[in-house]
Each structure stands twice: as structure tokens, then as C-alpha cells.
Amino acid sequence: MRAQRIGVIGGGLMGHGIAYLLAAAGHSVGVFEPVAEIRGSLPQRLQSILDLLGDDPALLSRIDAHDRLAPAVQGVTFVFEAAPEKLPLKQGIFAELESAVAPDAILASNSSAIPSTEIGRNLKHRERVVGTHFWNPPHLVPLVEVIQNEKTSPEVVRKTMELLRDAGKTAVHVRRDVPGFVGNRLQHAMKREAIALVAAGVCDAETIDTVVKAGFGARTAVLGPMEQSDLVGLNLTLDIAEVLYQELDRTAGPHPFLREKVAAGKLGMKTGEGLRQWTPATADAVRQRLSRFLAEQAKARKKESA
Ligand SMILES: NC(=O)c1ccc[n+]([C@@H]2O[C@H](COP(=O)([O-])OP(=O)(O)OC[C@H]3O[C@@H](n4cnc5c(N)ncnc54)[C@H](O)[C@@H]3O)[C@@H](O)[C@H]2O)c1
């Protein structure tokens, strides 16, 4: 794919990783980050990714940071918005983008939960607004959900998937703008049951993590649930569903166990206790383990595709 000029709005956690992966694919990237301190730390954060992945340092020269939106998006064909998760803020950004970029430039939002239908509601050219849900860290996790909202044109979906696939991402087409898209619905369906099992005293939180990581999680990266159902046979899947579904948690809304934890200030690693107990050292070990694992996988994928 020919090199393009691409804008990234917000140079925070997601924005800097998105900027990196687009620059690594050969594009020139303008980042708009209004907070001076965060903008100032961008080169060092990009350098850390480069060190982790061992890429060509020249790619960093393709990323420039700006304190205003217009110069960051001048002449762009795509914009990826990764600003804070607030609807009025995102709507304001998209309104400004509409007057700053060509009418056919594609406007993609990385929102986790706000439908891009809402973000683009007041725009003139709504057909070029699309959801692109990256997973954290976006430069290491392959998946991007490309969410077609009620106004997105099929051509915009096609071009967005093409750009992302060309940049080495696994882009999937989500045909309706449903809350949580696909990945978070699946992830939270599992968390719902996990929390209910712990709350009922069936096992502790550590056991949940072990069951997932050493059990079905050990094969999940190479065997999805649909493949697995077909592998064992849908008759068996139905037999299990007949017995099990009536037993699964149906608490309306978030489980009281989760609400109580949050009300008590037990928020997880950052407070030393959440579903499990943490020290700064054990929390850091988890972060290191995750980062090393994802980086190794990313390098292996790159080697395979070279
Ligand atoms: N963190 C995740 O795991 C994750 C995963 C998928 C999607 N997302 C989504 O990505 C988006 C960004 O999340 P994040 O985790 O990178 O947040 P973040 O707070 O790390 O980054 C947001 C950045 O936007 C900047 N910003 C503030 N106001 C702005 C404005 N008016 N215009 C442009 N930039 C502005 C902030 O200074 C900050 O640097 C959110 O919509 C979030 O829901 C996050």
C-alpha cells in the first residue's frame, strides 16, 4: 500500500501505540496531543516500543507531534481518534476534524464503548465515520475490530480494513455498532461468570486465573470457541448447554460482589487489593510477563511474514 499521511488524535496510552504501528507500516503520522507533558514524553514512549521490538529507528522520524489539531491532520487520508472516553469531547473533535480534512478522509474512533454512530451524529459526511477498536497495547495485540455503524459506507469499511491489514493487524468486520462490539462482550460474559463463582465460594480468584490460563486459555490462541464447538461436535455442545445454561449467573447488572469491592476502595493492583492481593513487586511481575509475552509473539509474527 502506498505511504499515506495519517492523523492520530490523542497521544496517550492508545494513541502513541497506534501512531507507532502506522509509522512502522511506512506511513507519515501527525499526532495531536494537547497536554504539553504528555506530548513531551511521546518520543521517549515511542523509543521504548522501538527498543522492545527492535525495529528500524528511522520509522520514528515519520511521527510528528502537535499542540493543535489542524496541523496534525493536514493532508491526511485517515484519522484515528484516541482521545478520552467522553462523548461531548469526541463529538467536538469530530466536528473540528470535519472542517480540517478532505471530505473523503476516513474518520475512525478507537472508543471502547461509545458507538461511533453517536460520535458522528452531527456531521455532514457520516458515511466516512467508522469504529476501529484496537486492544491495548495496540502495537502488540493483533486484533482491531472495524465497526460499521448505521451510516458507514462499505467502501470506508473496506479501505480501513485494508490499511490495518497492510499494517500487520488482524482486522475483523463488525457489522453492527452494538455496545462492547464483539471482543468485550465475550470477555465480560466470562468475567461475569468468574466473579459469580468467586462470590458463591466455589473457588478463589487465583483458581479462576489458573483454570483459564492452564485450561481452555492454553489453546485459545489457536482454537476459537466456534472451531472448538465444531471440533467436539454441536450435539455435545448442545447437551452441555442444556444442563449448564440454567446454572450460569443471571444477576441483573454488575454483581454485588464487584460493587462491594469498588465501594471498599479495593480496585486491584493500584490499591494493593482487588479480586486478588498485590504488592508493587507482584503487580510489576504481571506487567513484565505480559509485555514480554506479547513482544515475543509480535516478533515471531513479523519473522513469519518477512
Ligand atoms: N486503554 C485501553 O485499554 C483502551 C483499549 C481500547 C480502546 N481505548 C479507548 O481509546 C481512547 C483513548 O484511551 P487511552 O487509554 O489512550 O486514554 P489516555 O488518557 O491514555 O489518552 C488520551 C489522550 O488524549 C488527550 N486528550 C485530552 N483531551 C483531548 C482533546 N480534546 N483532543 C485530543 N486529545 C486529547 C489526553 O491528554 C491523553 O493524552 C478512549 O476512547 C478509550 O476508551 C482504550
Side-chain angles (χ1 to χ4, degrees), residues 6-22 29-46 48-49 63-74 76 78-101 107-122 129-147 149 160 164 169-172 174 177-188 191 267-270 274 286-287 290-291 294:
I6 299 179
V8 172
I9 307 300
L13 185 67
M14 298 302 287
H16 89 290
I18 294 170
Y20 183 96
L21 73 91
L22 293 169
V29 185
V31 179
F32 166 48
E33 170 51 61
V35 178
E37 202 186 330
I38 300 175
R39 200 170 55 249
S41 70
L42 189 63
Q44 189 260 319
R45 287 181 288 132
L46 292 169
S48 302
I49 303 179
I63 303 175
D64 41 83
H66 301 264
D67 60 358
R68 287 182 307 121
L69 181 139
V73 299
Q74 199 181 1
V76 297
F78 276 90
V79 178
F80 290 92
E81 170 271 315
E85 189 75 344
K86 294 195 177 82
L87 179 59
L89 181 110
K90 288 189 191 282
Q91 283 178 329
I93 290 169
F94 274 64
E96 207 180 333
L97 283 172
E98 184 156 68
S99 59
V101 303
L107 306 181
S109 175
N110 182 45
S111 169
S112 317
I114 304 173
S116 65
T117 312
E118 291 309 319
I119 295 170
R121 186 163 293 285
N122 305 320
V129 176
V130 65
T132 47
H133 183 238
F134 290 83
W135 289 69
N136 182 38
H139 48 283
L140 296 181
V141 179
L143 183 69
V144 184
E145 292 167 279
V146 176
I147 304 112
N149 71 44
T160 307
L164 292 168
K169 306 312 284 180
T170 302
V172 296
V174 180
D177 199 3
V178 294
F181 317 131
V182 175
N184 266 323
R185 288 177 88 105
L186 294 174
Q187 185 169 235
H188 283 271
K191 283 192 189 190
L267 304 183
M269 293 185 184
K270 60 186 163 194
V286 171
R287 292 191 190 98
L290 176 64
S291 170
L294 291 175

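Values in this document were obtained by computation on a predicted structure and should not be read as measured data. Atoms within a ligand are numbered from 1 in the order they appear, just like the ligands themselves. Computation of the quantities below employed the complete heavy-atom set of this structure, encompassing side-chain atoms and omitting hydrogens, waters and symmetry-equivalent molecules.
- Those atoms of ligand 1 that come under 4.0 Å of a heavy atom in Val35, given as number and element, are 37 (O).
- Shortest contact from atom 25 (C) of ligand 1 to any protein heavy atom: Glu33 OE1, 3.3 Å.
- Set against the non-hydrogen atoms of Gly12, the atoms of ligand 1 under 4.0 Å away are 20 (O), 21 (O), 23 (C), 39 (O).
- For the pair Trp135 and ligand 1, the shortest N or O to N or O distance does not fall below 3.5 Å.
- By the 30° and 60° cut-offs, the orientation of the rings of Phe78 relative to Phe80 is parallel.
- Polar contact check, Glu81 against ligand 1: no nitrogen or oxygen pair lies under 3.5 Å apart.
- Scanning all protein heavy atoms for the shortest distance to atom 24 (O) of ligand 1 gives Pro84 CD, 3.3 Å.
- At least one N/O-N/O distance between Leu13 and ligand 1 falls below 3.5 Å.
- For ligand 1, the atoms closer than 4.0 angstrom to any heavy atom of Lys90 are 40 (C), 41 (O).
- For atom 43 (O) of ligand 1, the nearest non-hydrogen atom of the protein is Ser112 OG, 2.6 Å.
- Each of the atoms 41 (O) of ligand 1 lies under 4.0 Å from some heavy atom of Ser111.
- Remark: ligand 1 and Met14 share an N or O pair separated by less than 3.5 Å (distance only, no angle test).
- Here is the list of ligand 1 atoms found below 4.0 Å of a heavy atom in Leu89: 31 (N).
- Closest to atom 10 (O) of ligand 1, if we only count protein heavy atoms, is Asn110 ND2, 2.9 Å.
- Remark: ligand 1 and Gly11 share no N or O pair separated by less than 3.5 Å (distance only, no angle test).
- Note that atom 32 (N) of ligand 1 has protein non-hydrogen atoms nearby, at separations under 4.0 angstrom.
- Open room surrounds CD on Gln74; 12 or fewer heavy atoms of other groups in view lie less than 6.0 Å from it.
- Atom 11 (C) of ligand 1 has Ala83 O, 3.3 Å as its closest protein atom, hydrogens excluded (heavy atom only).
- Less than 4.0 angstrom separates some heavy atom of Ile38 from each of these atoms of ligand 1: 37 (O), 39 (O).
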